[in-house]
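Structure, as structure tokens:
Start at 1 and go down the list; that is how both ligands and their atoms are numbered. The analysis underlying the following values was restricted to heavy atoms, covering all of them including side chains, and did not include hydrogens, waters or symmetry mates.
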Amino acid sequence: MSSALAEHRPLTMPVYAEGTGGWRRRSPWVAWLEGFAVRHRDKLVWVHVSMFFGFMALMIGPLLLPPPPDGATFYNNFTTFANFVIWGLWFPLVFVSVIFAGRSWCGILCPLGASSEWANRVGLKRPVPRWVRWEGTPVVSFVVITVLAQTVDARGFPQGIAVVFGLAFACAVVLGFSYGQGRNKRPWCRHMCPIGLMLGVFSRIGAVQFVPKRPQPGGDAYTEKGACPTMIDLRRKEESRHCIECFRCVSPKASGGLALVLRKPGTEVAQIRRHNPNAAEIWFLFLATGLALGGFLWLILPQYEVLRQAVGVWAIDRGWDSIGTPGPSWLMSVHSQGREVYTWLDFFMITSFMLACAALLTAVLTLLTVSSSWVAGRLGADLDLRRRFVEQAYAYMPVAMVSLVVGLGGELFDAIQRAGMPLWAVAAVKVTLFSLGMAWSLTLGYRLIGARGLAGARRPLALLPLLVGVTFVGLAWWPAIFGA
Ligand code: SF4
Ligand code: SF4
């Protein structure tokens with residue numbers, strides 16, 4: 001919540017939600033929900049323990065079983081079932097859930113975050129070092145985990161799932177054990193978790209937020225001293241990004257602490273200037289969209305195979321024969337029973353292709369956003385070019401989110417198709433999702449430009465490069481929707 005808005009808020013009135021014209025009274029059922037969550041907060045540990053054992057069963061169970069036979073489905077084979085639960089249900093649904101419930105997955109259900117916090121309780125409690133706190137750290141972590149998930153084929157084999165989630169789990173526990181002063185801190189969740197990064201960024205367009213009842217001016221701040229597990233300085237909280245909805249700061253009867261409120265989806269982004277805009281989020285948005293696109297395209301584009309062959313021949317002509325040999329199974333998919341064996345050539349090709357797609361898409365979207373910000377400046381918008389760029393780029397959030405759901409959550413669409421939905425209907429669902437994402441992005445862009453003081457015909461003019469950008473993202477995903 002912004003200090004500007006806080007000035008309009010009478011402190012004697014305890015339950016308010018952000019509305020278009022200032023502050024309005026919170027609905028009774030939101031107050032009931034808040035009270036329910038607080039009353040049953042102590043039972044969360046049992047949810048976390050159950051989720052922990054469920055997660056272990058999905059991760060380790062398939063490793064102990066023989067590979068699924070041809071024609072196995074999720075209702076007659078546990079390995080296929082585990083794969084479907086992780087990639088077909090959990091992954092896309094947890095994404096979509098941020099629109100309606102913010103980061104409730106993190107605070108209420110996630111076994112990784114809970115394990116990190118348990119480790120913190122008995123750990124060394126050192127101050128979180130600067131390299132961990134660097135804003136780019138979760139972006140690097142996202143890139144590494146996403147590329148690794150492709151090279152070990154985490155979608156195709158349980159060993160791949162074990163590598164990716166095992167690595168994330170180990171890092172979460174080690175980081176929680178080593179760092180985070182005070183009680184029950186989650187440095188992994190705040191600074192390094194790639195899933196938390198995605199959910200946090202997209203929770204900004206979600207309908208849920210926690211706002212301080214007695215806000216302090218000065219802007220969003222970081223502290224390891226308070227009660228918040230993700231180190232939010234509670235009275236100065238302005239953004240949703242790091243809030244995992246643990247309800248620890250909520251005490252319905254107290255005049256202080258935070259309150260749960262609902263808002264129209266997109267409100268925080270449309271008013272991003274009041275909610276701590278951040279350039280690292282923008283680089284993440286652009287890179288993640290490109291990386292997800294690359295991770296999808298290398299699997300289906302015939303041109304990728306042509307390129308791979310050409311690079312392979314070029315390397316062997318130079319005597320680099322080892323490029324055709326498989327590497328370690330923790331780095332690439334090596335399943336010797338003839339099912340799938342990646343070589344170093346595959347590893348370098350997949351990695352380079354994904355990074356190249358990410359760099360290309362980032363370059364195009366950066367250029368178009370700079371154009372939009374420059375045009376807006378020429379037409380009289382406030383702020384300098386850099387800050388206009390950061391604010392304007394938030395408009396890509398909905399289309400980026402749809403990209404990640406369609407690209408990385410493809411298993412759900414495959415399952416829907418296997419369940420009997422015709423191909424054209426699945427494509428229609430994806431087109432609809434993309435169209436909604438694009439329309440929402442344009443609406444946000446329009447509002448962001450308006451918030452900078454542009455009106456009339458100057459607004460759509462400044463919006464034009466953004467229209468080109470979201471269309472470009474949509475077209476780039478064309479093969480994912482209709483096939484190569
Ligand atoms: S940030 Fe990551 S590890 Fe932490 S609770 Fe969320 S998903 Fe789980
Ligand atoms: S702001 Fe409150 S609800 Fe959000 S993570 Fe911190 S303590 Fe939990």
Check your understanding: Who's the nearest protein heavy-atom neighbour of atom 2 (Fe) of ligand 2, and how far?
Key -> Cys249 SG, 2.2 Å
Revision key, fill the gap. protein heavy-atom neighbour closest to atom 1 (S) of ligand 1 works out as Arg103 NH2, 3.3 Å
Exercise for review: Evaluate the side-chain proximity of Tyr222 to Arg133: yes if any heavy-atom separation is below 4.5 Å, no if none is.
Suggested key: yes
Point to revise | atom 4 (Fe) of ligand 2: nearest protein contact (heavy atom, Å) | key: Cys243 SG, 2.4 Å
Review point. Can you find a non-hydrogen atom of Arg190 under 4.0 Å from ligand 1?
Key: no
Study note, to complete from the structure: closest protein heavy atom to atom 8 (Fe) of ligand 2 is Cys246 SG, 2.3 Å
Review point. Any Lys/Arg nitrogen of Glu34 or Lys213 sitting under 4.0 Å from an Asp/Glu carboxylate oxygen of the other?
Key: no
**Study point:** Closest non-hydrogen atom pair, Met231 against Pro187
**Key:** CE-CA, 3.8 Å
Review point. Using a distance-only test with no angle check, is there a side-chain donor-acceptor pair under 3.5 angstrom linking Thr230 and Arg103?
Key: no
Review point. With backbone taken as N, CA, C and O and side chain as the heavy atoms from C-beta onward, which portion of Leu234 lies under 4.0 Å from ligand 2: side chain, backbone, both, or neither?
Key: side chain
Exercise for review: Number the atoms of ligand 1 from 1 as they appear, then name those within less than 4.0 Å of a heavy atom of Arg186, with their elements.
Suggested key: 5 (S)
Study note, to complete from the structure: So the protein N/O/S atoms within less than 2.8 Å of atom 8 (Fe) of ligand 1 come down to Cys110 SG
Practice item. Give the numbers and elements of all ligand 2 atoms closer than 4.0 Å to a heavy atom of Pro229. Key: 7 (S)
Practice item. Using the side-chain contact (heavy atoms from CB on, under 4.5 Å) rule, take Phe169 and Met56 through it: C-alpha gap first, then chi angles, then the decisive distance, then the call. Key: CA-CA 11 Å; Phe169 192 81; Met56 285 297 165; 3.8 Å; yes
Check your understanding: So, does Ala227 sit close enough to ligand 2 that a heavy atom of it is under 4.0 Å from the ligand?
Key -> no
Exercise for review: Would you mind listing which atoms of ligand 2 come within a distance below 4.0 Å of any non-hydrogen atom of Thr230?
Suggested key: 5 (S)
Review point. Is it true that atom NZ of Lys43 has more than 12 heavy atoms of other residues, nucleotides or ligands lying nearer than 6.0 Å?
Key: yes
Review point. Among side-chain atoms of Ser240 and Glu268, is any donor-acceptor pair under 3.5 angstrom?
Key: yes
Practice item. Decide whether Glu224 and Tyr179 meet the rule of one side-chain donor and one side-chain acceptor closer than 3.5 Å. Key: no
Review point. Does the distance from a Lys or Arg side-chain N to an Asp or Glu carboxylate O, for Arg204 and Glu239, drop under 4.0 Å?
Key: yes
Revision key, fill the gap. closest protein heavy atom to atom 6 (Fe) of ligand 2 is Cys228 SG, 2.4 Å
Review point. Is the gap between the ring centers of Tyr394 and His275 under 6.0 Å?
Key: no
Check your understanding: Do NZ/NE/NH1/NH2 and the carboxylate oxygens of Glu391 and Arg273 come within less than 4.0 Å?
Key -> yes
